[in-house]
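Worth saying up front: this structure is predicted, and the values here are computed from it rather than measured. Chain identifiers are assigned alphabetically (A, B, ...) following the order of the sequence lines, protein sequences preceding nucleic acid strands; residue numbering begins at 1 within each chain.
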2 protein chains.
Amino acid sequence: MTVPPGRRERKKAATRRKIADAALRLFLERGYEAVGIRDVAAEADVAVTTVFSHFASKEALVFEQDEDFGQRLLRAVTDRAPHEPLIPALRDRIGALVRHCTTDAAAPIQRMIDASPALREYEEAARLRHAESLATAIAADPDRPRTTTACRTIARFVVDAYALARDAADPEAAVEEIFRMIEAAWEVTRPATHPTDPVGS
Amino acid sequence: MTVPPGRRERKKAATRRKIADAALRLFLERGYEAVGIRDVAAEADVAVTTVFSHFASKEALVFEQDEDFGQRLLRAVTDRAPHEPLIPALRDRIGALVRHCTTDAAAPIQRMIDASPALREYEEAARLRHAESLATAIAADPDRPRTTTACRTIARFVVDAYALARDAADPEAAVEEIFRMIEAAWEVTRPATHPTDPVGS
DNA sequence: ACCATAGCACTAACGGTTAGCTTTTAAAAA
DNA sequence: TTTTTAAAAGCTAACCGTTAGTGCTATGGT
């Protein structure tokens, strides 16, 4: 309840980071599947139940930092200047996220994820959730109104773009190419307007 | 090696069906999560290991028949008449699949899947695999050539359409709406051609 | 100083999944 | 036919992620 960050919360955060660091170290050392939760707990010198009180699952240990993906995507929609077009804003944000994940020192982590079906599935499931919240943000946008289906569809296309671009040979070019497609898909959902009424009803 | 379907394979198929039937019966009776693999094995009167020698996972027991989803989608691309446009063929096929899953007597099964996060994740992961094979089929199509990225993107959009339409209030209308978007996205990937050269290079 | 509570530990277990090994039984070889 | 092989199924026991139950300790509010 108090404003100052108490010692308790600092300790809790420290334990959390200790666990995450130990886990990542072991995963990169021996491979994700070869390391058990019990190994992680021992390395971090905590109990198994403590691990699960900080992380919902073994996979969540890997995506600890990556959790703000959805937040960033949402802000690309909600925090943009008035009348700034939606799709280019999303394209730029996705481009930045892709760059962050391909050029960063996150290369070994990326290789680890690609090597584990369980991790890939987890990431994809997380993306689905992000698509859901992105869809509601788009639907609430003061832009020209679209149907619920159109918003959910575009949201899904956008998160697909991230996954597709990352796997492409040239991720940056792929973002451009995919977003040309998304832009076209978004355009055809514009409610009909008279040519003399370009602002809409 | 012999041509007639040997007794062995018949018995094996019988065991498989016995297991799948028992599993579905129990799942619908008590709920998916409330039924253990050991319960299924007992109901089918087989050993637990036998269940896993026929099905890769507990979730696979539910999607036993649904495995031809990918096949049907592929045939929509490969088996269509020459010069029949690609996207409408896919739209019709997706529409048929959606209808099959919403109007059929598969309603209780659908409710069961919706109620279990594990099953929804499994289905989504399966769709990703379908998208991959669909992408290669589209890339190999004698249609106007597109980039690998464009093919993979459209494949993903198409399988998204299935998931999105099923969850929509009016699935049939949603298919139409989403495929108008997909059609537009596909159009902008057409390689540049002279207006006097409509067949392409 | 005192107490409510959050954080953590420990044990034990559950449920999906797999490994190792034996038994049955259909199919092929002799 | 008899013998051999190998697939199919069984049993036991375990691994691994995850959770419930319980209690201890230390922190923070009063």
Side-chain angles (χ1 to χ4, degrees), chain A residues 1-24 26-27 30-64 116-123 125, chain B residues 1-24 26-27 30-64 116-123 125:
Chain A
M1 281 299 189
T2 59
V3 182
R7 182 176 323 169
R8 201 120 120 186
E9 309 186 359
R10 261 184 296 123
K11 281 202 172 187
K12 180 168 182 174
T15 302
R16 181 189 168 91
R17 188 150 302 158
K18 190 170 61 166
I19 294 171
D21 290 352
L24 204 56
L26 289 184
F27 289 161
R30 312 183 200 163
Y32 176 76
E33 336 247 29
V35 177
I37 288 286
R38 289 157 179 91
D39 299 327
V40 174
E43 176 84 4
D45 199 28
V46 297
V48 173
T49 48
T50 304
V51 174
F52 282 107
S53 74
H54 285 275
F55 300 92
S57 66
K58 186 188 179 187
E59 295 94 48
L61 284 166
V62 173
F63 295 98
E64 195 231 351
S116 161
L119 288 178
R120 282 208 306 271
E121 265 195 42
Y122 181 87
E123 199 180 10
Chain B
M1 280 301 188
T2 58
V3 183
R7 183 177 320 165
R8 210 162 178 153
E9 309 186 1
R10 260 185 297 124
K11 281 203 172 185
K12 179 168 182 173
T15 302
R16 181 189 170 91
R17 189 150 300 160
K18 191 169 59 166
I19 295 171
D21 290 352
L24 205 56
L26 289 185
F27 289 160
R30 312 183 200 163
Y32 176 76
E33 335 246 30
V35 177
I37 288 287
R38 290 157 179 91
D39 298 327
V40 173
E43 176 84 3
D45 198 28
V46 297
V48 173
T49 49
T50 303
V51 174
F52 282 106
S53 75
H54 283 275
F55 299 92
S57 66
K58 187 188 179 188
E59 295 94 48
L61 284 166
V62 173
F63 295 98
E64 196 231 352
S116 162
L119 288 177
R120 282 208 306 271
E121 265 195 43
Y122 181 89
E123 198 181 10

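Phe52(B) is linked by a ring pair (Phe, Tyr, Trp, His ring centres under 6.0 Å) to nothing, counting only residues two or more places apart in sequence or in another chain. Legend: residues meeting ring pair (Phe, Tyr, Trp, His ring centres under 6.0 Å) with Phe55(B), ordered by chain and number and at least two apart, are absent. Partners of Glu121(B) according to the salt bridge (charged side-chain N to carboxylate O under 4.0 Å, His left out) rule, which considers only residues two or more places apart in sequence or in another chain, do not exist here. Take Ser57(A) and apply the side-chain contact (heavy atoms from CB on, under 4.5 Å) test, not counting sequence neighbours, and it matches Glu59(A), Ala60(A), Tyr122(A).
Taking atom NZ of residue Lys12(A) and atom P of nucleotide dG28(D), one finds them 13 Å apart after rounding to whole Å. Here dA6(C) presents its P atom at 18 Å from CZ of Arg16(A), a figure rounded to the nearest Å. Atoms CG (Asp45(A)) and P (dC8(C)) sit 12 Å apart, rounded to a whole Å.
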Take nucleotides 21-26 of chain C nucleotide by nucleotide from the 5' end and write B, S or -, depending on whether a protein heavy atom sits under 4.0 Å from the base, only from the sugar-phosphate, or from neither. -----B
Which letter, B, S or -, goes with each nucleotide of nucleotides 14-20 of chain C from 5' to 3', with contact meaning a protein heavy atom under 4.0 Å? -SBBBB-
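The structure places CG of Leu61(A) at 11.0 Å from NE2 of His54(A), a figure rounded to the nearest 0.5 Å. Atom CZ of Arg16(A) is separated from atom OG1 of Thr50(A) by 13.5 Å, given to the nearest 0.5 angstrom.
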All N/O donor-acceptor pairs, side-chain side in residues 33-43 of chain B, below 3.5 Å, sequence neighbours left out:
from     : atom 1 : to       : atom 2 : distance (Å)
Asp39(B) : OD2    : Gly36(B) : N      : 2.9
Glu43(B) : OE2    : Arg25(B) : NH1    : 2.4

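A close approach under 4.0 Å does not occur between any side-chain nitrogen or oxygen of His54(A) and OP1 or OP2 of dG7(C). Contact annotation: Thr50(A) side-chain N/O to dA9(C) OP1/OP2 distance is under 4.0 Å.
Judged by distance alone, the side chain of Lys18(B) and the main-chain N or O of Asp45(B) form no donor-acceptor pair under 3.5 Å.
Asp39(A) comes within 4.0 angstrom of nothing in the nucleic acid, heavy atoms only.
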